[in-house]
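Here's the structure we're looking at; comments come further down.
Side-chain atoms are counted along with the backbone in the values below, which use heavy atoms only and exclude waters and symmetry mates. What you see is a predicted model; the values in this text were computed from it and never measured.
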Amino acid sequence: MPIQLLSIETSPELPTEADVVVIGGGVVGVFSAYYLARRGVKVALVEKGRIAAEQSSRNWGWCRQQNRDARELPLATKSLDLWERLAAETGEDAGFRRCGLLYLSNDEAEIAGWAKWGEFARSVGVTTHMLDAREATARGAASGRSWKGGVFSPTDGTADPGRAVPIAARGILAAGGSVHQMCAARGLETHGGRVSAVVTEKGTIRTRTVVLAGGAWASSFCRQYGISFPQASIRASILSVGPGPEELPAALHTKAVSVTRRSDGRYTLAISGGARLDPTPQQFRYWREFLPMFAKRWRSLAPGGLEGWRSGHETLARWRLDAPTPMEACRILDPVPNARQISETHARAVHLLPALRNRPVTAQWASYIDSTPDGVPAIGEVDSLPGFILAAGFSGHGFGIGTGAGHLIADLVTGTAPIVDPRPYSPARFSKGAWGKVAEF
C-alpha cells in the first residue's frame, strides 16, 4: 500500500454476542462503533482487511461545509464540531485543523454558482466569504497569477486520512468495544424475520442489530438478502509530493486541480471529479438508476479497465456462509492508479503552484469511490429486514461527514434524538427513484 496508514491492534477474541455488530472498518463504520461504545453499548466492529485501508485513508482529508448539497449540509456542520472534539476525547491528534478552504476561479459562471450557494449557506448560519478579484488574487498569491474571484470558508478544515480513523478505532477499544481486523463478515442469520447474528470467517456473533458500513462492497452484500441498493464506484487516482520551504495554501481548490497540505508538510494533489469508470456487473445492473448522475457528470469521467470486474466488490454473485467469500479473496481494494491521470494531475498542480515543481513525488495511489444515484448517502434501517441498518454510498464525501454519520447511526440504534433529521438519507427513497435529484456538489 502506497499510503501511510497508522496500524492498530486487533481485539484478541471474537465475542459470541454483542448488542450491535458493525461491518466495515472505514470512517463511517468506525465512528458508528466509536459513538456506540462511548454510550456503553456492547459493540463489535469487524473488518475484512485493515482499519481505514480503502477509501477512508485515500481521500483528500477535507472536512467541509463549503458547496455541500442542502441535504448533506446539516450533517457536515455537525461533523466539524465532532472532528474538533475528537482529540480531547481520545487524547490523540487526528490532524484536524480548521485551516479554511480556499476556492479560486476565472470562470464567471462558476463564481456565480458559489455566490448563489453562499446566499443559501448564510441563511442557515454557515460562514462563507465571497472574494472579489483583488482578494482572490491576494489569497492565491502563491500561484503568481490574477483571479477573477473565489470563496473562502474559514471554519472548514482538514484531517489526516492516514491517522484519523485508526485513532477513532483505538477509541472504540478504550470505551470497551472490540475491533476485529482480517475478519470478513460473510453474512447474516435471521430469526422471526429480523437479524439474529452475523457470521464471520472466524465465528458467529449473536446480535439483533447490524450496521453495514461496507463502502464499495455494500450493494453486493445487500443483494444476498434480496435488498436492492443501487450503488456504483469510480476509480480515482491521487498523488503526493514532498514538503518544501514555501508557504502554500493549506487547502486550495480550482477547476484544474486541488491541493491539500498534510500534517507532515507533504501535499496531496487531485483533480476534482476526475476518475475512471471501470465496468462491473453491478454497474450494468443499475445503469438506468445512474442515468441522471451520468448525464450531469459525464464530462469528468473517462473509460476505465477491468480492474473493478476482477476485484469482485461489485459482483452479482451469491455466496455461502461456510466458504470463503469475495471479501476474503480481496482483503483490501488497492486498484492501480491511472498513469495518465497521475501525470496530468502533477502537471496541472505545478502549473498552478510553481513552488511544487522541484518537490519529489512521494506516493501515488487509487481508490474506489462508491456513489448512490443522487449522490447522497443511504443511512437508516432497511424496512424489509428489521435490525439491519445500511450506511453506505457516501459518494466521495464520507471522510468529512463520517463523524456526524457515525453519531447519527448511534442515535438511530439507541433511540436517541438524532443529531440531524435522518429522513433525507433513508434507504427507502431508492425504491421510489431518484430522478432529477442529483446532488449539486
Side-chain angles (χ1 to χ4, degrees), residues 1-5 26 52-62 101 103-104 142-143 158 160-162 215-216 232-244 246 248-280 283 297-311 313-314 330 332-371 395-400:
M1 292 169 56
I3 52 175
Q4 294 183 348
L5 178 61
E54 295 187 349
Q55 173 62 9
S56 293
S57 60
R58 298 166 184 250
N59 58 82
W60 300 7
W62 284 30
L101 308 183
Y103 290 56
L104 298 174
S143 68
T158 63
D160 188 337
S233 299
I234 56 174
R235 175 166 49 104
S237 298
I238 303 177
L239 71 149
S240 64
V241 296
E246 301 88 353
L248 302 176
L252 170 62
H253 166 77
T254 70
K255 184 179 291 187
V257 68
S258 298
V259 180
T260 310
R261 185 171 64 228
R262 290 278 158 261
S263 56
D264 62 3
R266 293 178 303 139
Y267 277 80
T268 297
L269 316 178
I271 297 175
S272 179
R276 261 49 185 185
L277 188 64
D278 293 340
T280 65
Q283 288 179 13
R297 299 181 178 172
W298 66 271
R299 291 180 180 84
S300 63
L301 297 175
L306 295 177
E307 255 195 281
W309 199 292
R310 290 190 293 263
S311 67
H313 63 290
E314 292 188 350
C330 181
I332 296 172
L333 279 176
D334 188 20
V336 176
N338 182 271
R340 180 177 297 180
Q341 186 176 353
I342 291 291
S343 178
E344 176 69 14
T345 302
H346 187 255
R348 291 187 186 189
V350 168
H351 182 68
L352 175 68
L353 299 172
L356 296 176
R357 184 177 305 278
N358 296 321
R359 301 190 186 192
V361 173
T362 56
Q364 50 185 284
W365 64 91
S367 65
Y368 280 113
I369 301 172
D370 62 300
S371 178
S395 307
H397 305 159
F399 185 79

Should we say atom CG of N358 is surrounded by more than 12 heavy atoms from elsewhere, each under 6.0 Å from it?
-> no

Hey, could you give me the [atom1]/[atom2] distance between [X] and [Y], rounded to the nearest 0.5 Å?
X    : Y    : atom1 : atom2 : answer
L239 : I342 : CG    : CD1   : 5.0 Å
L252 : L269 : CG    : CG    : 11.0 Å
L101 : H253 : CG    : NE2   : 10.5 Å
Q55  : D370 : CD    : CG    : 8.0 Å
E54  : D334 : CD    : CG    : 9.0 Å
T268 : W365 : OG1   : CH2   : 4.5 Å

Kindly say whether [Y] contributes a backbone atom to a donor-acceptor pair with the side chain of [X] at under 3.5 angstrom?
X    : Y    : value
S57  : A52  : yes
S343 : R340 : no
E307 : V336 : yes
S258 : S272 : no
Q283 : S233 : yes
Q364 : P337 : no

Provide the closest heavy-atom pair for [X] versus [Y] in the form atom of the first, atom of the second, distance.
X    : Y    : value
F399 : N59  : CG-OD1, 3.3 Å
A53  : L5   : CA-CD2, 3.7 Å
G305 : P279 : O-CD, 3.2 Å
D160 : S263 : OD2-OG, 3.1 Å
G396 : I369 : N-CG2, 3.3 Å
T158 : W62  : CG2-CD1, 3.9 Å

Counting C-beta onward and ignoring hydrogens, is there a side-chain heavy-atom pair between [X] and [Y] closer than 4.5 Å?
X    : Y    : value
D264 : Q4   : yes
L352 : L104 : no
L248 : V259 : no
V241 : H346 : yes
R262 : S240 : no
I238 : R58  : no

List the steps, then state whether salt bridge (charged side-chain N to carboxylate O under 4.0 Å, His left out) holds for R359 with E246.
-> CA-CA 11 Å; R359 301 190 186 192; E246 301 88 353; 2.8 Å; yes

Qualifying residues under ring-ring contact (aromatic ring centres under 6.0 Å, His included), relative to Y368, sequence neighbours excluded =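 For Y368 the ring-ring contact (aromatic ring centres under 6.0 Å, His included) partners, ignoring immediate neighbours, are H313.
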
Check salt bridge (charged side-chain N to carboxylate O under 4.0 Å, His left out) between R276 and all other residues, then give those that pass, not counting sequence neighbours.
-> none

Can you sort out the partners of D278 under salt bridge (charged side-chain N to carboxylate O under 4.0 Å, His left out), two or more places apart, ordered by chain and number?
-> R235

